[in-house]
Amino acid sequence: MRIAYEHMDSINVGLLGFGNVGTGTYETLMMNRDRITAAVGTEIDIVKILVNDINKKRTIDVPFSKYTSDVNDIIKDPNIDIMVEVLGGIEPATSYMLSAMEYGKHVVTANKAAVAANYDVLHQTATDNHVQFRMEASVGGGIPVLSSITSVLRANRFEEILGILNGTTNYIMTQMAENGLSYEKALKQAQEKGFAEADPTADVEGIDVANKLSILMALAFDHHIHPKDIPTTGITKITEEELKEADAEGKVIKLIASATNRGSRLDYSVKPMRLPKDHPLAGVKNEFNAVFLKGNAVDDLMFYGKGAGPLPTGSAVAGDIVQIATEELKETMHELMEGNKK
Ligand code: HSE
């Protein structure tokens, strides 16, 4: 969709969901407003926010008029250029994203479950409707790994992916191993800090990591493997005794996503592994994530940063919005100049 000349004084965004990621996105755009406006060349304005309960008391200060409980106020509003989906869950999130694209909106999401389950149809619908579909925040929170794979690393064939891709489970196991917290207490803290999914089963059973590995493989190996087909074991059966035993052996237990690409054959899994304490992934603690990639030209690469939490994830969502806004504005200006020449 070309941004209409009439409202080029701002690029309008509709936000679906105002939980941890939604508020983190809003805050990122607010606290860095001047810098973002200067970079894009116009203001980015979140004009509507879909919430379940518009009267709910919130700690964040947002004009009441921005809230709506009707998704069509965003999907069907011709003045909204970009829809950001941070509801979580496969449905209705996927249907909302597809509808928004069909209405000509660019879509940004942090929703790994929806992207991993419906990767092909989401990308195809974006292509068919000439809109952008971006999802940097869906893997590794604030770590810019997806854009790296699809842009500056595009000249590589990737052979291996290895990573710690879930902040909640990494936080739980770090706190259990280093501070003697119980599993329950550590999980509660991860929830309070805004790392965990609404239903933390997805975190602790490894499902969230399988979703992220599916997305990484789709981009790095050009093969979409449905997360249900990735052999997955979570951390629920790991005991304090096992963590102590690993420690005595000079090891740490980490929930590891791994995948290799041998051309005709892909191998992949998500499972807890004992790593020697001097392994590069062993020092990745709490909500930090790390992604190791091996490309056939660049060789070994390691990305490291906060994989969960409102602001780190908000940074990635806001980055996608800025990217779309910048490209769109450039194209609109170009078209205007071409039009003036005729
Ligand atoms: N629940 C996820 C995690 C959030 O803990 O990593 C970020 O995807």
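As a basis for the values below, the full set of heavy atoms in this structure was taken, side chains included, without hydrogen atoms, waters or symmetry mates. Start at 1 and go down the list; that is how both ligands and their atoms are numbered.
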For [X] and ligand 1, does the shortest N/O to N/O distance drop below 3.5 Å?
X	answer
Phe195	yes
Asn289	no
Ser138	no

Inset, instruction - Taking the six-membered ring for Trp and the full ring for Phe, Tyr or His, determine whether the centres of Phe18 and Tyr26 are under 6.0 Å apart. - result: yes
Legend entry - Whether Lys212 side chain and Ala257 backbone form a donor-acceptor pair below 3.5 Å: no
Tell me the protein heavy atom at minimum distance from [atom], and give that distance in Å.
atom	value
atom 5 (O) of ligand 1	Thr168 OG1, 2.6 Å
atom 8 (O) of ligand 1	Lys112 NZ, 2.6 Å
atom 7 (C) of ligand 1	Gly307 O, 3.3 Å
atom 6 (O) of ligand 1	Gly167 N, 2.7 Å

Without hydrogens or angle criteria, can the side chains of [X] and [Y] be said to hold a donor-acceptor pair below 3.5 Å?
X	Y	answer
Glu85	Tyr96	no
Asn12	Ser10	yes
Gln132	Asp320	no
Asp208	Asn166	yes

Residue [X] vicinity, atoms of ligand 1 by number, heavy atom under 4.0 Å:
X	answer
Lys212	2 (C), 3 (C), 6 (O), 7 (C), 8 (O)
Asp203	1 (N), 2 (C), 3 (C), 5 (O)
Glu197	1 (N), 2 (C), 4 (C)

Inset, instruction - Report the residues that fulfil ring-ring contact (aromatic ring centres under 6.0 Å, His included) with Phe221, sequence neighbours left out, ordered by chain and then residue number. - result: none
Inset, instruction - Salt-bridge test for Arg262 and Glu159: reply yes if a basic N is under 4.0 Å from a carboxylate O, no otherwise. - result: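 Answer for the salt bridge query: no.
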Legend entry - Proximity to ligand 1 by part of Asn166, non-hydrogen separation under 4.0 Å: both
Inset, instruction - For ligand 1, indicate whether the residue Glu287 contacts it via side chain, backbone, both or neither (heavy-atom separation under 4.0 Å). - result: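 Glu287 to ligand 1: no contact under 4.0 Å from either part.
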